[in-house]
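Report on the following structure.
Quick note on labels: first sequence line is chain A, next is B, and so on, each numbered from 1.
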There are 2 protein chains.
Amino acid sequence: MTKCGDMTGPVTMQSVAKAAGVSPMTVSNTFKYPERVQEETRRRVREVAAELGYIPNHAAGNLASGQSRVIGAVIPSIKNSSFYKYVRGMQDAAAEDGYELVLKLADTKRHETAAIRTFIGLRVAGLTLVGKEHEDQAVDLLRKTGVPVVETWVHGDPLDMAVGYSSAAATRAMVDHLVAVGCRRIGFVGYAGDVAGRYTERLPAFEQRMSEHGLAPDLCHLADEADGFGAGPKALEALCRMDMSIDALLCPTDIVAAGVLFECGRRGWKVPERLAVAGWGDYEIASEISPQLTTVQPNAYEMGRGAIEMVIARASGLEPEDSVRNTGFEVVARASTDNAGSDAA
Amino acid sequence: MTKCGDMTGPVTMQSVAKAAGVSPMTVSNTFKYPERVQEETRRRVREVAAELGYIPNHAAGNLASGQSRVIGAVIPSIKNSSFYKYVRGMQDAAAEDGYELVLKLADTKRHETAAIRTFIGLRVAGLTLVGKEHEDQAVDLLRKTGVPVVETWVHGDPLDMAVGYSSAAATRAMVDHLVAVGCRRIGFVGYAGDVAGRYTERLPAFEQRMSEHGLAPDLCHLADEADGFGAGPKALEALCRMDMSIDALLCPTDIVAAGVLFECGRRGWKVPERLAVAGWGDYEIASEISPQLTTVQPNAYEMGRGAIEMVIARASGLEPEDSVRNTGFEVVARASTDNAGSDAA
DNA sequence: CTCTGCCATTGTAGCGCTACAAAATCAAAA
DNA sequence: TTTTGATTTTGTAGCGCTACAATGGCAGAG
C-alpha cells in the first residue's frame, strides 16, 4: 500500500495524458469521441493506455456525465436453463449498442427489491425485471427515480415497459391441444411462490378454458417449487389422490414435467397412453428426455433482445414505439402428448 | 427532461440534507457511520431520505472514497444448475459482510476478458473467476490493477487466490470407484472447449490412474460441449465405434451423463449392468433421474462462500490466511454404477 | 499580409460523495 | 464560573472524469 516514490499509483486519465504528452481531455475524447481526435494522436494515446493498463473509471465518468453504459438485469434463478436464452438475448442486444449487461440474482421479492436498490445505486442506464409483481417499496423507488425499466415474461399493464407473452393465452392453447389429442380429465399443476408473478395468470385461464370445453377444472394442485424435479412426483400423487382417472397433466415447467415422467417410469405408467404430460419453457431437457415433452416455447431470446432494446431506446431519450411488446409463444407438440386419448373414451 | 422550477431534480445527498435541516456530511455519516450520528438526527435523516426515495450514488461514493462494496463474479454459463449453489454461496457470504454481488456471463475467454474489463471499469472491490485459463490480456490487466481476484473450481497455482478442489483427485477417485464395482473397459468423455480450464486436468489423471490399475486408458472422447444432453449420445456412439466392450463411462457433467442414460434407454441397454455411467457436478437431475447417477459432488456452496470471503479479506487489507483453499469433493455412489461389473468378466 | 472559418486541442468547472480536520455543543470536573 | 474532555456536527478539498467554452493552428479567401 505504500507506493514507492509514486511510480505506479493507480493509472488515471491524468497519468495517461502525461505519458502521451497530451491533455487529459484528449485522452477522454480518444475513448469517448474518437472522431474528434486526429488519427495519429489517437493511436499514440491508445498505445500508451494499453501499455499502462489503463481502464477508464466508469464511476467517475458516470458522475461527470450523468450517463451510464451499464444495464442491470434482475433474474429470479439460474437453477435451470430457462433463462439462458433470455440472458443471451439481452447480452447480445446490449453488446450491439455498446452497453454492458450485469446480472443480479434474486429469488424472492425482498431480494429483488435489494437488487433494484443496488442497481439504482450504481446509476445504471436502465434495468430489466422478471414478472410483474414487486414490493411496493420497489415500485415506489422505480417511480421516484424514473429509471427505464422493463418487466419481462409478462404481457401488458406495465410499470414502465413490458415485453413477453401472455401466460393465459399459452395456457388456453395448451388446454386446447390436450383436448384435441383426446384428453378429458386434465390436471393442472401451478406454482404458489414468492416470485409468482408470471404464474398467477395460469390457473384462472385453465379453469375458464376447461369450462368452455365443457370439462371440469377440478384437478388442480399448487406446488411449492416451480423448478425442482421433485415437485413432479408430489403433484402427481396429490392429483391421483383426487382422481385416479386423470389422463393429462399440465406442468408449470419442463423440469416439473420431467419429474412427472421419471415418476411415471417408476410406476410403470405409459406416457402418453396412461398420462399425457405437458411442460412449459422449452428447456433443453424437453427435447432430450424420452418421450420428448410437449411444451410452451416462449421465444426467450427475442424477449431478452426486446427488453434491452426498449431500455436503450428509453435511456437514449427517444420514446420506444411501443411500451408493451408481445413476443408470442408456440405450443410445441411432441411425443408426451401425442395421440394421448387414442384408447380413451 | 425540463425540470419544472427545480422541485424534483435527481435526489442528492445535498437535497436530503437541506430537507432534513442538517449538513451533507451528517447525511453521509448517517448511512456510512451511523454510530457517529445521534439517534434522533439519524432517525430524521433516514425518514427524509426514505420520503424522497434517496439512494446514495455509489459512483460518487466510490470515487470519493476509493472503496467499493460491489464484488463482480464472472460465470461461464447458466445453462444448467451447476453454478446455482456456487452463486448462492457467494451471494450469502457477500450479504453477510454488507457487500453486493453482481454477475456477468461469459461463455468464452474473450467474453471473460471483456467482463473483467467491465468490472475493473466499475472499480469493484474484487472479483471471482471460474477456472484458471485466461487470456494473456486479462492476466495482464489483473496484474497491473492489482484487484483482488479469486479463481474458483480449481485447486492450486493461483493468479492471486484460488478456491476449489482438484479435478485430478476427483477423477482418480471416480476411476477407483468404477474399478471397485467391477468395471474394466472404462470410457472417458472430456470437454475440449474454450473455457476448458477446469476440465483439462481430468484426461491426464484418468490415463495415469487407469494405468496404475493395469487398465488401458484408450477409450477417450472429447466432446465439443460440456453441458448439453446431446453430447451424451454422440460420445457413446464414438466410443462404441472404438470398442463395443466398453462397460463404463465417465462423463464431464451430469447433463452429459443424463444424455447417455437417455441414449441407453433408446438402445435398450441396462444401466449399470450393460454400462455403468458416472456424472460430475451433483446437479439436481442426478438424484432424480432413473437410475440415479453416481457423481462428483463439488461442495459448490462452500466454494462460493470461500471465494467471497477471500476477496473481502484481501479487499479489507488483511492478507487472507491462505491464498489457496481446498473445499474438497465427494464421490456420491448411486444406482448408475452400483455393482456394475457383477455379471461381467 | 491579414482575415475568416474550420479543425484539433486544451482549460475550467463541477458531477455527488467522503476523508479529514476543525468547530460547535454540552456535561462533568475544578 | 471556568476548564476539560468527549461527543456531535460541519467546512474544505478533492476523487477521476466529462460538458462546454475557449484557445491555438492553419488553410484558403480577400
Kindly point out which of [options] is positioned nearest to the side chain of [X]?
X	options	result
A/T12	D/dG16, D/dT10, D/dT18	D/dG16
A/T26	D/dT18, C/dT18, C/dT10	C/dT10
B/A60	D/dG11, C/dG16, D/dC17	C/dG16

Rounded to the Å, how far apart are [X] [atom1] and [N] [atom2]?
X	N	atom1	atom2	answer
A/Q67	D/dG16	CD	C1'	17 Å
A/L63	D/dG14	CG	P	17 Å
B/E39	D/dT9	CD	P	11 Å
A/I55	D/dG16	CD1	P	15 Å
B/Y33	D/dT9	OH	P	17 Å
B/N57	D/dG16	CG	P	16 Å
A/Q38	D/dC26	CD	P	11 Å
A/M13	D/dC15	CE	C1'	13 Å

Validation row: [X], [Y] side chains within 4.5 angstrom (heavy atoms):
X	Y	answer
B/V124	B/I71	no
B/Y86	B/T128	yes
A/P34	A/R46	yes

For a quick check of understanding: with a heavy-atom distance under 4.0 Å over all strands, which category does [X] fall into, base, sugar-phosphate or nothing?
X	answer
B/G61	sugar-phosphate
B/P24	nothing
B/F31	nothing

Practice task
Please determine if A/R305 and A/E96 form a salt bridge, counting it only when a charged side-chain N lies under 4.0 Å from a carboxylate O.
Solution key: yes

Practice task
State whether B/R43 and B/E40 are salt-bridged, where the test is any N-O pair (Lys NZ or Arg NE/NH1/NH2 against Asp/Glu carboxylate O) under 4.0 Å.
Solution key: yes

Practice task
Under the side-chain contact (heavy atoms from CB on, under 4.5 Å) rule, what do B/Y54 and B/M13 come out as? Steps first, then yes or no, please.
Solution key: CA-CA 8 Å; B/Y54 170 68; B/M13 215 173 66; 3.6 Å; yes

Fill in the blank from the handout: Taking every heavy atom of B/A138 against every heavy atom of B/I116, the minimum-distance pair comes out as CB-CD1, 3.9 Å

Completion exercise
Taking five pairs at each terminus, the helix from C/dC1-D/dG30 to C/dA30-D/dT1 shows an axis bend, to 10°, of 60°

Practice task
Output, in order, the C-alpha distance, side-chain angles, deciding distance and verdict of side-chain contact (heavy atoms from CB on, under 4.5 Å) for A/H58 and A/E100.
Solution key: CA-CA 12 Å; A/H58 183 272; A/E100 299 285 347; over 6 Å; no

Problem - Distance test, side-chain N/O of A/K32 to OP1/OP2 of D/dC17, below 4.0 Å - result: no

Problem - Presence of B/S65 side-chain N/O under 4.0 Å of C/dT18 phosphate oxygens OP1/OP2 - result: no

Exercise for the section: For the pair B/V74 and B/L127, evaluate side-chain contact (heavy atoms from CB on, under 4.5 Å) and give the outcome as yes or no after the intermediate values. Expected result: CA-CA 8 Å; B/V74 184; B/L127 43 86; 5.6 Å; no

Completion exercise
By nearest-heavy-atom nucleotide on DNA chain C, the more 5' of A/E35 and B/H58 is A/E35

Handout entry: Interatomic spacing from CZ in A/R36 to CG in A/N29 - rounded to 0.5 Å
Key = 5.5 Å

Exercise for the section: Summarise how protein sits on nucleotides 20-25 of chain C as a single string, 5' to 3': B when a protein heavy atom is under 4.0 Å from the base, S for sugar-phosphate-only contact, - for no contact. Expected result: B-----

